[in-house]
Amino acid sequence: MIDLKLLRKQPEIFYESLKKRNQTTEIIDQIIALDKEWRSYLNQVNNLKSKRNELSKNVARLKAEGKSEQADELITQSKTVGDEIADLEAKQNELEAQMLSLALYVPNTPHESVPIGKDETENVEIRRWGEPRKFDFEPKPHWDLGTDLGMLDFDKGSKLSGSRFTVMFGQIAKLERSIAQFMLDVHTSNGYTEVNVPHLVKRETITATGQLPKFSEELYTCERDDLFLIPTAEVSLAALHIGDVLDEDMLPLKYTAFTPCYRREAGSYGKDVRGLIRQHQFEKVELVWYAKPDNSFDALEQLTHDAEKILQLLGLPYRVITLCTGDIGFAAAKTYDIEVWLPSYNGYKEISSCSNDTDFQARRGNIRYRAKDGKMNYVHTLNGSGLAIGRTLVAIMENYQNPDGSITVPEVLRPYMKTEVIK
RNA sequence: GGAGAGAUGGCCGAGUGGUCGAAGGCGCUUGCCUGCUAAGCAAGUGUGGAGGUAACUCCACCGAGGGUUCGAAUCCCUCUCUCUCCGCCA
């Protein structure tokens, strides 16, 4: 949710923001017009209410004094004022509702450090880590590796649930679990609090975090109960403190959660159809920070490094890119994507997305903190995958494969897997 | 799933139609007092919105949303959540 007071004072910020995002700006004109009209009604209504309050006080006093004829006279007056209020207030509420529903569709303002660009082709790579392995044999894609090992079964996934669902057996199933546990152990030893969250959330919860109303197509819903399956643990973690006033001393709060994620993947027909890359259900370890506004962009650097650390410990080559203004997400002011090297793609594939949403979610969810000077401010929320587990599994399988189709278990996972090779 | 009780400020808790944004207590802040601490005394102590350079003024908020009324914390309806009992259950 954007700051309407800022919109009144400096509308140019928002025109600029939408232009940078390569989007049209009529919505800003509409909001400004509605806001102006709304305020004029608000003032009239407030003045009339003030008048009615005054009359009511006098009615009370006159009745107490036993002067009921005089009181009746004021009651008649008050009735007229009341009717007037009802009319104007109805109009005011309508304008307010229109204005807010539009405001919910305005994306966050990109940070000044975000490169300008029209779409994903203009994202900027900022660093690389590790060298992609040179194979002295023909490496297999993970779907062949897994199927040949008898541990990935795409047919059974389809049989049970349709396309983009997979069944895992044996060591691969265990690898998935080991990766999750490894990630949580690294993050918790790094200052994150592990949280176990609900996977079904209420409409208002997911609205506060920004997935609704705009992205309802992506969500699985349980209509009967008006509940939504989370597309990421970010929803639950970022909603933890809805309505709270935190102490400045508590910040930053750093949370991590391991959950499945459910996504309809509407509009991605034909994309990544083979293998585990794009599933309707996948597991992920998520990182979420509640930070102070003055250092939230430093926090984004830290959070991104925390996610990168997992890939470094696993010995998986990756690169980090900054999303340009045309590609950053709706709620984000700045986003880094981490992409891992996948032999089957002969390229880098997104495995984590780390964003600073600044006060965008905090405003929707009314998440504030009390500063030392006693002032109330909105917190800044940040989130990032640390990491997507399915894709990490894919990266390990493909990068650590052997000529005989077996897979070497990365050093750091051996304590969890209790074996050196999957075969 | 059935029956009942409840939700008031940072906390406890009064308040069932009228000068109630809300008694009282606790806590907190400031000042006084005091070898120190404690106690005592005094004042202050919510959030959001609109207007104003500002001092300040006005409006709203007693779980949420509607309704009745000239007027609602108080009456009515719906919802959410909490607690107790019964049933069921991993």
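Every chain is numbered from 1, with letters handed out A, B, ... down the list of sequences.
Residues A:Tyr262 and A:Phe282 keep their aromatic ring centres 6.0 Å or farther apart. Ring pair A:His187/A:Phe182: centre-to-centre distance not below 6.0 Å.
The gap from the C1' atom of B:A3 to that of B:G46 amounts to 38 Å, rounded to the nearest Å. Taking atom C1' on both nucleotides, B:C11 is separated from B:U16 by 25 Å, rounded to a whole Å. Separation of the P atoms belonging to B:C26 and B:C41 is 10 Å when rounded to the nearest angstrom. B:G40 and B:C33 are spaced 8 Å apart, taking the C1' atom of each and rounding to whole Å. Between B:U37 and B:A43, the two C1' atoms lie 23 Å apart (nearest whole Å). Comparing the C1' positions of B:G15 and B:A22 gives an interatomic distance of 8 Å, to the nearest angstrom. Only the P atoms considered, B:C20 is 15 Å distant from B:A60, to the nearest whole Å. As rounded to the nearest Å, B:G87 and B:C12 have C1' atoms that lie 36 Å from one another.
In this model, the phosphate group of B:U47 is approached by a side-chain N or O of A:Arg370 to a distance below 4.0 Å at OP1 or OP2. Side-chain nitrogen and oxygen atoms of A:Arg39 include at least one within less than 4.0 Å of the OP1 or OP2 phosphate oxygen of B:G51.
Between A:Asp247 atom CG and B:G10 atom P the separation is 13 Å, expressed in whole Å. A:Asn366 places its CG atom 13 Å from the P atom of B:A64, with the value rounded to the nearest Å. B:A50 atom P lies 10 Å from atom NZ of A:Lys9, rounded to whole Å. Here the P atom of nucleotide B:A50 and the CG atom of A:Leu7 are 12 Å apart, to the nearest Å. The separation between A:Lys36 atom NZ and B:A50 atom P is 16 Å, rounded to whole Å. For the pair A:Arg368 CZ and B:G48 P, the interatomic distance rounds to 5 Å; values are reported in whole Å. Between A:Met376 atom CE and B:G46 atom P there is a gap of 11 Å when expressed in whole angstrom units. The NZ atom of A:Lys375 sits 17 Å away from the C1' atom of B:U45 (whole-angstrom rounding).
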Dump the pairs, protein N or O against N or O of nucleotides 53-59 of chain B, anything under 3.5 Å, distances to one decimal.
residue : atom : partner : partner atom : Å
B:C58   : O3'  : A:Ser50 : OG           : 3.1
B:C59   : OP1  : A:Asn53 : ND2          : 3.0
B:C59   : O2'  : A:Asn46 : OD1          : 2.8

With 3.5 Å as the limit, what N/O pairs link the protein to nucleotides 17-21 of chain B?
residue : atom : partner : partner atom : Å
B:G18   : O6   : A:Lys63 : NZ           : 3.1

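Within the 4.5 Å cutoff, no side-chain heavy atoms of A:Tyr336 are placed close to those of A:Ile321.
Judged by distance alone, with hydrogens and angles left aside, the side-chain atoms of A:Arg391 form a donor-acceptor pair with the main-chain N or O of A:Ile277 at under 3.5 Å.
Among residues at least two apart or in separate chains, side chain to side chain donor-acceptor pair (under 3.5 Å) pairs with a member in residues 69-93 of chain A are A:Lys49-A:Glu89. Identified under the side chain to side chain donor-acceptor pair (under 3.5 Å) test for residues 160-176 of chain A, with sequence neighbours left out: A:Thr166-A:Gln279.
Of the residues in residues 76-89 of chain A, those lying under 4.0 Å from RNA chain B by heavy-atom distance are A:Ser78, A:Lys79.
Here A:Gln44 pairs with nothing under the side-chain hydrogen bond (donor to acceptor under 3.5 Å, both in side chains) rule; sequence neighbours left out. Every salt bridge (Lys or Arg N to Asp or Glu O under 4.0 Å) that A:Lys349 has, sequence neighbours left out, goes to A:Asp272. Residues passing the salt bridge (Lys or Arg N to Asp or Glu O under 4.0 Å) test with A:Lys284 are A:Glu286, sequence neighbours excluded. The side chain to side chain contact (heavy atoms under 4.5 Å, CB included) test applied to A:Glu26 returns A:Thr24, A:Gln30, not counting sequence neighbours. Applying the salt bridge (Lys or Arg N to Asp or Glu O under 4.0 Å) test to A:Asp306 and every residue at least two apart in sequence or in another chain returns nothing. For A:Arg39, the salt bridge (Lys or Arg N to Asp or Glu O under 4.0 Å) criterion is met by A:Asp35, not counting sequence neighbours.
With a 6.0 Å radius and a threshold of 12 heavy atoms from other residues, nucleotides or ligands, A:Glu223 has its CD atom at or below the threshold.
Each of A:Asn108, A:Thr109, A:Ile116, A:Asp327 was checked for a side chain to side chain contact (heavy atoms under 4.5 Å, CB included) with A:Arg21, and the lone residue meeting it is A:Asn108.
To the nearest 0.5 Å, the span separating CD on A:Glu283 from OG1 on A:Thr392 amounts to 11.5 Å.
Heavy-atom nearest nucleotides on RNA chain B were determined for A:Asn93 and for A:Trp38, and the one closer to the 5' end corresponds to A:Trp38.
Remark: RNA chain B takes part in the stems B:1-7 with B:80-86, B:10-12 with B:24-26, B:27-32 with B:40-45, B:46-51 with B:56-61, B:63-67 with B:75-79, each of 3 or more antiparallel Watson-Crick or G-U pairs, criterion distances under 3.5 Å.
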